[in-house]
Protein chains: 2
Amino acid sequence: MVVSLAQIRETSGEVFMEGCPTRVVLDHIMSKWGVLVLLALTDGTLRWGELRREVQGISEKMLASTLRTLEADGLVARTSYPEVPPRVEYALTDLGRELMDRMLPLVEWVAGHADAIVER
Amino acid sequence: MVVSLAQIRETSGEVFMEGCPTRVVLDHIMSKWGVLVLLALTDGTLRWGELRREVQGISEKMLASTLRTLEADGLVARTSYPEVPPRVEYALTDLGRELMDRMLPLVEWVAGHADAIVER
DNA sequence: CGGAATCCCAGGCGATACTG
DNA sequence: CAGTATCGCCTGGGATTCCG
């Protein structure tokens, strides 16, 4: 797939306008914790506690609100099992996987160049 | 290029650790204004005033600090011409273009799905 | 024109405690 | 275990003014 900025302008000519839907979604998925949570779930389904441990440094509050946002966006699916003690699992939806197919190459590139970039 | 989370873990096994360089760079380029500025420069060289008008809603303070960060990261090049009135141009570096090659497919996808996502 | 400096505020975010 | 509730900090970020 060839992609150009012109195409983006056609698809959503408002990317650079305030209140544009694209900006809203970008804010969700490109946020500090959004990417890390999505990234963690790329491995597969995780429970609340596993996510909390995986994404080091995230507070319970931010994990909760990040997950709620991503679930509302239809990118993450929450499954609650009626057990005692309670068990809740989070996984990417099909939409979420589509998204991560596009995001992984970017993160991969950043991971490969981050050291060179920050040591300037 | 096939990309997996496993590869990312190999390249930078610390993505999920606090203070990891990858997190720092991600914070720069995936920030609210970082993406929009990089996106605007994908079209080509722009002057300060053009950038300010292109990225609607950005304040002078945020434009300045965003540009300084991206320039320090080696993703954006700043060229100042010794004229009166002063003229300053910003453009992507080779590194910045490499980055945007990976980011454009992602933004393109988001632009195409944003409406469906936010109207939930 | 292209910024830098200053002031100031909302709310993002962390820490802690509590609950079903 | 998987959250919610509450409090309070601190800083991201807007508005304004000034400078080379």
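Throughout, a chain's letter reflects where its sequence line sits, starting with A, and its residues are numbered from 1.
The salt bridge (charged side-chain N to carboxylate O under 4.0 Å, His left out) analysis of residues 66-78 of chain A, with sequence neighbours excluded, yields no pairs.
Nearest heavy atoms, R53(A) versus Q56(A): O-CG, 3.6 Å. The two atoms that bring T45(A) and A91(A) nearest to each other are OG1-CB, 3.4 Å, heavy atoms only.
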Show your working on side chain to side chain contact (heavy atoms under 4.5 Å, CB included) between L75(B) and T69(B) and close with a plain yes or no. CA-CA 9 Å; L75(B) 298 169; T69(B) 301; over 6 Å; no
Working note: V88(A) + R47(A), criterion side chain to side chain contact (heavy atoms under 4.5 Å, CB included); need CA distance, chi angles, decisive distance, verdict. CA-CA 6 Å; V88(A) 180; R47(A) 300 181 56 169; over 6 Å; no
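Looking at heavy-atom distances under 4.0 Å, E83(A) makes no contact with the nucleic acid at all. Backbone-only engagement by Y90(B) is indicated by non-hydrogen atom pairs under 4.0 Å involving sugar-phosphate atoms exclusively.
One atom, CG of D27(B), and another, P of dG12(D), lie 10 Å apart when rounded to the nearest Å. Nucleotide dG14(C) holds its C1' atom 11 Å from the CD1 atom of I58(A), rounded to whole Å. Between E60(B) atom CD and dC7(C) atom P the separation is 18 Å, expressed in whole Å. Atom-to-atom, NE2 of H28(B) to P of dG12(D) comes out at 11 Å; the value is rounded to the nearest Å. Rounding to whole angstrom units, CG of residue L63(A) and C1' of dG3(D) are separated by 10 Å. If you take CZ of R78(A) and C1' of dA2(D), they are 8 Å apart, rounded to a whole angstrom. At whole-Å resolution of the value, CG in L46(B) and C1' in dG2(C) are 15 Å apart. Residue E71(B) contributes atom CD, which lies 15 Å from atom P of dG2(C) at whole-angstrom precision.
Using a 4.0 Å cut-off between charged side-chain N and carboxylate O, R52(B) and E50(B) make no salt bridge.
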Between protein and nucleotides 9-13 of chain C, what N or O pairs are separated by less than 3.5 Å?
from, atom 1, to, atom 2, distance (Å)
dC13(C), N4, K61(A), NZ, 2.6

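Atom OH of residue Y90(B) and atom CG of residue L67(B) lie 5.0 Å apart, to the nearest 0.5 angstrom. Going from atom CH2 of W33(B) over to atom CE of M62(B) covers 8.0 Å, rounded to the nearest 0.5 Å.
An OP1 or OP2 oxygen of dA4(C) is reached within less than 4.0 angstrom by a side-chain nitrogen or oxygen of R68(B). Within the 4.0 Å cut-off from OP1 or OP2 of dA2(D), at least one side-chain nitrogen or oxygen of R47(A) is found. Neither OP1 nor OP2 of dC1(D) sits under 4.0 Å from any side-chain N or O of R52(A).
With a 4.5 Å cut-off on side-chain heavy atoms, M100(B) and L39(B) count as touching.
The terminal axes of the helix from dC1(C)-dG20(D) to dG20(C)-dC1(D), fitted over 5 pairs per end, subtend an angle of 50° to the nearest 10°.
Where P86(A) and A64(A) each meet DNA chain D at their nearest nucleotide, the meeting point lying more 5' is that of P86(A).
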